[in-house]
Amino acid sequence: MQGRLSAWLVKHGIIHRSLGFDYQGIETLQIKPEDWHSIAVILYVYGYNYLRSQCAYDVAPGGLLASVYHLTRIEYGVDQPEEVCIKIFTPRRNPRIPSVFWVWKSVDFQERESYDMLGILYDNHPRLKRILMPESWVGWPLRKDYIAPNFYEIQDAH
């Protein structure tokens with residue numbers, strides 16, 4: 001089932017894939033990484049002026065990584081703002097997605113957290129560095145194939 005935003009994107013020749021609706025009725029779209037920045041600008045101009053959240057997850061061990069953006073179209077006098085969920089999938093070997101920091105500044109810490117926990121590189125992010133883990137940390141703790149260092153072996157080494 002195609003939603004209102006998906007139909008508008010199709011009408012304007014913007015390539016995407018409709019993933020249907022979530023349990024709250026929010027339309028979900030899949031965008032290719034190489035198209036994400038230009039589509040983000042289009043969505044902003046179309047009225048999606050608020051980035052509610054960004055997160056990322058590991059789809060399956062050894063599989064793709066996903067970056068998820070929840071956007072809201074806030075307008076004066078509208079009681080129920082439109083929302084959309086955007087998913088961008090990237091391979092784990094070289095996970096790169098354009099940052100949308102220059103479109104929605106509120107994504108700053110959220111993309112940094114996704115980088116820190118899953119290793120997704122957000123191209124053109126102004127401060128892409130670890131935010132939760134120490135800079136010396138090796139690996140990406142939220143990847144399903146991550147092997148955590150043995151805490152007791154680390155303590156014994158000191």
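Since this is a predicted model, take the numbers as computed values, not measurements.
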Worked verdict on Ile97 versus Trp36 for side chain to side chain contact (heavy atoms under 4.5 Å, CB included)
CA-CA 8 Å; Ile97 295 173; Trp36 175 223; 3.7 Å; yes

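- Of all non-hydrogen atoms in Leu71 and Leu43, the two that sit nearest each other are CD1-CD1, 3.8 Å.
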Could you walk me through whether Leu5 and Leu29 pass side chain to side chain contact (heavy atoms under 4.5 Å, CB included), step by step?
CA-CA 9 Å; Leu5 179 59; Leu29 305 175; 3.8 Å; yes

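- By the side-chain contact (heavy atoms from CB on, under 4.5 Å) test, Gln80 pairs with no residue at all, sequence neighbours left out.
- Crowding of Phe109 atom CZ: a count of heavy atoms from other residues, nucleotides or ligands under 6.0 Å not exceeding 12.
- By the 4.5 Å heavy-atom criterion applied to side chains, Asp58 and Tyr146 are not counted as neighbours.
- Under a 3.5 Å cut-off, the side chain of Ser6 and the backbone N or O of Gly3 do not form any donor-acceptor pair.
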Residue pair Lys87, Leu19: steps toward the side chain to side chain contact (heavy atoms under 4.5 Å, CB included) verdict
CA-CA 9 Å; Lys87 291 188 177 187; Leu19 299 177; 4.1 Å; yes

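- Looking at every heavy atom in both residues, Pro61 comes nearest to Arg92 through C-NH1, 4.4 Å.
- No donor-acceptor distance shorter than 3.5 angstrom exists from the side chain of Trp140 to the backbone of Ile120, with no hydrogens or angles considered.
- Between Glu75 and Pro81, the closest side-chain pair of non-hydrogen atoms is not below 4.5 Å.
- A salt bridge between Glu83 and Arg73 is absent, with no side-chain N of the basic residue lying under 4.0 Å from a carboxylate O of the acidic one.
- Classification of the Tyr48-Tyr46 ring pair by plane angle, with boundaries at 30° and 60°, yields parallel.
- Taking the centre and axis of the six-membered ring of Phe101, the NZ or CZ atom of Lys105 falls inside the cone set by 45° and 6.0 Å.
- A side-chain hydrogen bond (donor to acceptor under 3.5 Å, both in side chains) check over residues 106-123, counting only residues at least two apart or in different chains, returns the pairs Gln54-Ser114, Gln54-Tyr122, Ser67-Tyr122, Tyr69-Glu111, Arg96-Asp123, Ser99-Glu111, Asp108-His125, Asp108-Arg127, Asp116-Arg130.
- Under the 4.5 Å side-chain heavy-atom criterion for grouping Ile, Leu, Val, Met, Phe, Trp and Tyr, Leu121 is not connected to Val59 through any hydrophobic cluster.
- Remark: the backbone N or O of Val68 is not paired with any side-chain donor or acceptor of His70 at under 3.5 angstrom.
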Given Arg143 and Leu65, is the side chain to side chain contact (heavy atoms under 4.5 Å, CB included) satisfied, shown in steps?
CA-CA 9 Å; Arg143 285 194 182 187; Leu65 302 174; 3.6 Å; yes

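- Among pairs with a residue in residues 23-32, those fulfilling side-chain hydrogen bond (donor to acceptor under 3.5 Å, both in side chains) read Arg17-Gln30, at least two apart in sequence or across chains.
- Taking both residues in full, the closest heavy atoms of Thr72 and Arg52 are given as OG1-CB, 4.1 Å, listed atom of the first, atom of the second, then distance.
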